[in-house]
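What's counted below: heavy atoms across the whole structure, side chains too, no hydrogens, waters or symmetry copies.
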Amino acid sequence: MSENVVQFHKPTGPPADDAAPTVLTVVPDAPPARPVPLWVRSGRAVKTAVTHERTRSTGRAVARHASYTFNGGRIVARRTWDGRTGARYERMIRAAEAAGNLEVAEEWEERLTRFRAARHHRRMDLLHSPAEAAKGVAVGAGMSIGVLVALGVVMAINTGRVGDVITPLTATIDFIALLIRIVQIVWGPALTITPFLALLAMWSVGRKQQAAPNWALPANVRNGEGEPITPSIVVKALRDLGVPALRNAIKEMGDAGASMLGPITIAGCGVEVDVTLPSGVSTNEVQNKRRKLAENLTRHEHEVFITIPQAARTVRLWIADSGALDEPIGPSPLVTDETMTADYTKGKAPWGQDLRGDAAALSLYQRHLLITGLSNQGKTVALRSLALWLSLDKSVQFLMGDLKGVGDWAMFDGLATTLIQGPTDEHVIQVTEMVEGAVDEMNRRIQAPPGTTFPPLIVLVDEAQVAFMCPAKDEDKRPYGGSKANSRYFMAVRKIHNQGRAVNVLMWQGTQDPTNENLPKLVREGAHTRASLALGTESQARMALGDKAVDGGAAPNLLRPGLDRGTLVVASDGIDIPAGQSSITVRTHYIDDDAAEAITDRAKALRDGVTTLHAIERGEEHDPLADIAVVIGDAPRVRTKDVLARLAARNTDAYGGWSFIDLKRVLDDAGAEPYKSDGVMVVARDRVARALANRDGDGSASASE
């Protein structure tokens, strides 16, 4: 029996004279609490487990990785489809037509036509390949059996046992049986593992592209990074820049800032939009906050570029798709098109792609060149790719000095007239004398009769900072390095910058980490084309590209060392730069050493043969006829003006001032007179060799002048 509960109740109301007694009431106690059913408790436990953060994270991870695998397969399938069909070209045509750019649409249509023609050619080749392969196998098998039987006959004759005739054939059959056995053993595990490897590959592609629902992505990705750019996002990013005048102007606008924006257009692997700033806000206030603007747009700093177009009080924003700039660009046309040639006068070198994804080509005609950047950022490869293209014009001559000396330019041996490689002071001296020889050649050309045309002569020095910082001095105490008026290398470069362009003598230099000591101001400002890879500071960027380019938005100091290797900021009138901009960012094609050697082999095949000098010869003793034979090399005949240029490069002191009359005098005296071939005067190798042989046969000594 349950116990009762005793409750005491006091009377309420005002007290009276006769207080009311306390009332004692006995009430039964409350019924006992009923037990919670098991199914209710289980439901609560399940709800708690489902809402627990660890469970939700596990569920998101499972969904995310499953989506990576599935969507990665879709991405691979689409890439394969794009590679096998013209779908990519058709998408670009539609995008160009939507943007109203009919010229670009026609260009993509032409590319699509070439792609379809090449695909048709490959398919037609496949029709004949089985028969050709069968014939090849039959012929190869027959020849192999014949060789084995012949070998067995030789063994039988040697050992005297007739059974040895089939010994090589039997051994071959046993070896083939062993291979079949190995394949039988490996085949089963390979079939089992292959699907898992395929799934792993698809998962890797999907993970790299973050191909999963937004709710399943990690928190640092799910917070909006990489989301599409819309007008509201751009206006909000500008409003939150921390520029009070800009923020207040946006608040006061009736359309919440939408009138500031031009149309957002697709531009390569990103979008582009012009922003007209309100009164009281200058363009440099936005430029100086590039990092904050990029973060407001949920992008990294290197994925947002700010330039100044022609319109007043306007900035142009180019915003990359998240992660797009980390993807490599395709191979160079120099590698993929083995029929490509160059034209120094009218052509442009295929250097890479701009940020829009369009081809970036550079004209090299009568333009001095300077490329700079931090070490190991792709400077030599970028400079070399230009020289590789120009080498496919057989009229171009090269004088090269590689002051790194690790073989980056070794493939030009047999192509360049002079190739000096090495980092020592002696190599700097040799390179300096090479450049001074080019100055003498330039002066000879300047003194030629008006209207005379000259072949392009490219004087290329890589790692030029080594020359500027060289402490060596000559016999007259003149320094080879430095930037004073008596510096030999500095003054030779300045002379070419001043007058070389008019007679097609051009100076190309590559240098590291520019400072006033290793890249004097007069030298860097003498280059018509200036390009820079990643640099450390804005002051270095100004040294590399000039104040105008940096003030206009060029910022090689904001490129990421290592990650943006091969990306250049270029200031030149030789490349197409959008109107109103002073520079353009180019992602250069990477051409490795093997591909570079293949290109130079094609370039050498265009020429009659070039004898490359690896040092500048000194001394007064020389034999003009023998030197002429050396510079002609293996070519059957060489134009007289090329012979003069090669002689000047070989021995500047002896031949730097030679004219056609001097050359003709030596050849006439030796009986190896120059003659006309196809309308130009040439020197025949056979005539010179015959003259040398006759002279040596008579016992005459070498001429000395």
- Hey, does the side chain of W318 reach the backbone of A267 with a donor-acceptor pair shorter than 3.5 angstrom? yes
- Message: Less than 4.5 Å apart, side chain to side chain, heavy atoms only: is that true for L293 and L238?
- Response: yes
- Message: Please check: side-chain N/O of D358 versus main-chain N/O of D354, any donor-acceptor pairing under 3.5 Å?
- Response: no
- Task: Please answer whether the main-chain N or O of Q366 pairs with a side-chain N or O of R501 as donor and acceptor at a distance below 3.5 Å.
- Result: yes
- Query: Would you say the side-chain atoms of N296 pair up with the backbone N or O of A237, donor to acceptor, closer than 3.5 Å?
  - Reply: yes
- Message: Could you work out, with side chain to side chain donor-acceptor pair (under 3.5 Å) as the rule, every residue matching T537, not counting sequence neighbours?
- Response: S539
- Check the surroundings of atom CZ in R74: do more than 12 heavy atoms from other residues, nucleotides or ligands lie under 6.0 Å from it? no
- Of all residues at least two apart in sequence or in a different chain, which pass the ring pair (Phe, Tyr, Trp, His ring centres under 6.0 Å) check with F468? Y489
- Q377 side, atom CD; I371 side, atom CD1 - distance, nearest 0.5 Å: 13.5 Å
- Item | CZ/R478: more than 12 non-hydrogen atoms of other groups inside 6.0 Å | yes
- Query: Charged N to carboxylate O under 4.0 angstrom, K379 versus E463?
  - Reply: yes
- Please name all residues satisfying salt bridge (Lys or Arg N to Asp or Glu O under 4.0 Å) with D337, sequence neighbours left out, ordered by chain then number. none
- Calculate, to the nearest 0.5 Å, the distance between atoms NE2 and CZ belonging to H300 and R291 respectively. 12.0 Å
- Pairs in or reaching into residues 551-577: which pass salt bridge (charged side-chain N to carboxylate O under 4.0 Å, His left out), with residues at least two apart or in two chains? D326-R560, K348-D576, R367-D573, R542-D551, R560-D564
- Query: Do side-chain atoms of R530 reach the backbone of M543 as a donor and acceptor pair under 3.5 angstrom?
  - Reply: yes
- salt bridge (charged side-chain N to carboxylate O under 4.0 Å, His left out) partners of residues 584-593, not counting sequence neighbours, each pair once: R384-D593
- Message: Rounded at 0.5 Å granularity, tell me how far CG in L388 sits from CE in M411.
- Response: 7.0 Å
- Message: Using the salt bridge (Lys or Arg N to Asp or Glu O under 4.0 Å) criterion, which residues pair with E436? Sequence neighbours excluded.
- Response: R488
- Task: Return yes if some donor-acceptor pair links the side-chain N/O of S572 with the main-chain N/O of T529 below 3.5 Å, else return no.
- Result: no
